[in-house]
Amino acid sequence: MNQAAPIRVMVVDDDPMVITGIRGILQAADGIDVVASALSGEESIEKASLHYPDVVLMDIRMPGIGGIEATQRLLNSVRPPKVVSLTSMSSDEHLFNALEAGAAGYLLKDIGPVELAAAVRKVHAGEPILAPQSMRQVIAKVRSSSDHRLQQEAVALLSELTDRERQVAELVAEGLSNPEIAEETFMSLATVKTHLNRINVKLDTNNRVRIATMVVRARRH
């Protein structure tokens, strides 16, 4: 039996001590290989084109090109990785901006070693790594927005979904995981993932948080 290739990770932070700490934690975890590190957003873009990481752990606040812009650039690259935003303190603004940029998750730097390795595996598998409280923060911010253009855009995009896809998107917005959606809709897990892939294509999104954001915006129309 062929063993699965290790998950390739790049760590980006302007503090070398943080990089050393995270590298040590992940290198000790099974199935994870830290292939690169970077001290700035600019360097992360260069290193990603050389090492093609599967997952990037991206500090939000850095001099020069910050984590938000670097995330956007990486996700527009030829082989986009899944990016997880890292921060030392929780902030509604940082959280919302990171997820709007396309980050697949949002973690505080004080996360434990076991939880950090589990988060890398989870995001690599396509699952969200966002605490329910953080999801509520995002939804609350979306609901408070009065940008009519974004509302109209969300309504138009969601109209392209089939009834089944719309049902799955609504359940994502309720915070359900893939297994929970499968149980709720009496679908297989593989079918749920297929629907999510199609939803991401039709909505031009790349993670379930952005799907949820789109659904909430449309509800306000």
Side-chain angles (χ1 to χ4, degrees), residues 55-58 60-61 66-77 80-87 89-108 119 122-182 184-185 192-221:
V55 176
V56 175
L57 300 178
M58 177 74 73
I60 290 180
R61 300 180 64 181
I68 302 300
E69 184 177 347
T71 294
Q72 293 172 323
R73 293 196 187 187
L74 288 176
L75 293 177
N76 286 323
S77 62
K82 291 172 180 174
V83 181
V84 178
S85 293
L86 287 176
T87 182
M89 63 182 68
S90 182
S91 157
D92 284 2
E93 183 179 3
H94 287 161
L95 170 64
F96 189 75
N97 289 341
L99 297 175
E100 279 288 280
Y106 183 89
L107 296 174
L108 295 179
K122 196 172 184 181
V123 74
H124 181 253
E127 290 289 330
I129 48 172
L130 188 66
Q133 180 180 357
S134 296
M135 176 67 93
R136 288 194 290 271
Q137 288 176 265
V138 173
I139 297 305
K141 186 161 181 85
V142 173
R143 284 179 176 149
S144 67
S145 172
S146 59
D147 192 323
H148 188 61
R149 180 185 60 81
L150 291 177
Q151 292 174 33
Q152 289 182 317
E153 180 182 273
V155 170
L157 287 171
L158 285 167
S159 69
E160 299 296 319
L161 301 182
T162 65
D163 289 343
R164 201 58 153 165
E165 289 165 353
R166 180 63 181 258
Q167 181 187 21
V168 171
E170 292 280 354
L171 292 173
V172 167
E174 296 301 325
L176 272 65
S177 66
N178 287 359
E180 289 170 336
I181 293 173
E184 178 77 17
T185 59
V192 171
K193 290 180 179 179
T194 297
H195 281 309
L196 284 170
N197 288 336
R198 291 172 179 166
I199 291 167
N200 276 319
V201 170
K202 291 181 179 180
L203 300 186
D204 191 25
T205 54
N206 61 2
N207 64 63
R208 63 202 303 121
V209 177
R210 299 188 79 181
I211 293 173
T213 299
M214 197 79 71
V215 170
V216 173
R217 281 184 177 140
R219 285 175 182 167
R220 297 188 67 250
H221 182 77

Verdict with supporting geometry, L86 and I60, side chain to side chain contact (heavy atoms under 4.5 Å, CB included): CA-CA 6 Å; L86 287 176; I60 290 180; over 6 Å; no

If you apply the rule side chain to side chain contact (heavy atoms under 4.5 Å, CB included), what do you find for T87 with R61, and how did you get there? CA-CA 8 Å; T87 182; R61 300 180 64 181; 5.5 Å; no

Is there a side chain to side chain contact (heavy atoms under 4.5 Å, CB included) between L158 and V215? Walk through the geometry before answering. CA-CA 8 Å; L158 285 167; V215 170; 4.2 Å; yes

Do R166 and T162 pass the side chain to side chain contact (heavy atoms under 4.5 Å, CB included) test, and can you show the C-alpha distance, the side-chain angles, and the key distance before you say yes or no? CA-CA 6 Å; R166 180 63 181 258; T162 65; over 6 Å; no

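At least one side-chain heavy atom of L74 sits less than 4.5 Å from a side-chain heavy atom of P81. In this structure, T205 and M214 have side chains that are in contact, with non-hydrogen atoms separated by less than 4.5 Å. Between T185 and Q167, some side-chain heavy-atom pair lies under the 4.5 Å cut-off. Counting heavy atoms from C-beta outward, E184 and L171 have side chains that approach closer than 4.5 Å. A 4.5 Å side-chain heavy-atom check between L161 and L203 finds at least one atom pair inside the cut-off. Proximity of V172 to L196: side-chain heavy atoms (C-beta onward) are separated by under 4.5 Å at one or more points.
With rounding to the nearest 0.5 Å, the separation of CD in E170 from CG in L176 is 11.5 Å. If you take OG on S85 and CD1 on I68, they are separated by 5.0 Å, rounding to the nearest 0.5 Å. With values rounded to the nearest 0.5 angstrom, E165 atom CD is found 3.5 Å from K202 atom NZ. Atom-to-atom distance recorded for M58:CE and E69:CD is 10.5 Å, nearest 0.5 angstrom. Between R217 atom CZ and Q151 atom CD the span is 9.0 Å, to the nearest 0.5 Å.
Annotation for L75 and G102: closest pair CD1-O, 3.3 Å, computed over non-hydrogen atoms. Taking every heavy atom of both residues into account, A169 and I199 meet most closely at N-CD1, 4.0 Å. Minimum interatomic distance between A119 and L107 (heavy atoms only, all atoms of both residues): CB-CD1, 3.9 Å.
A donor-acceptor pair is defined here as one N or O able to donate and one able to accept, closer than 3.5 Å; such a pair exists between the side chain of K82 and the backbone of H124.
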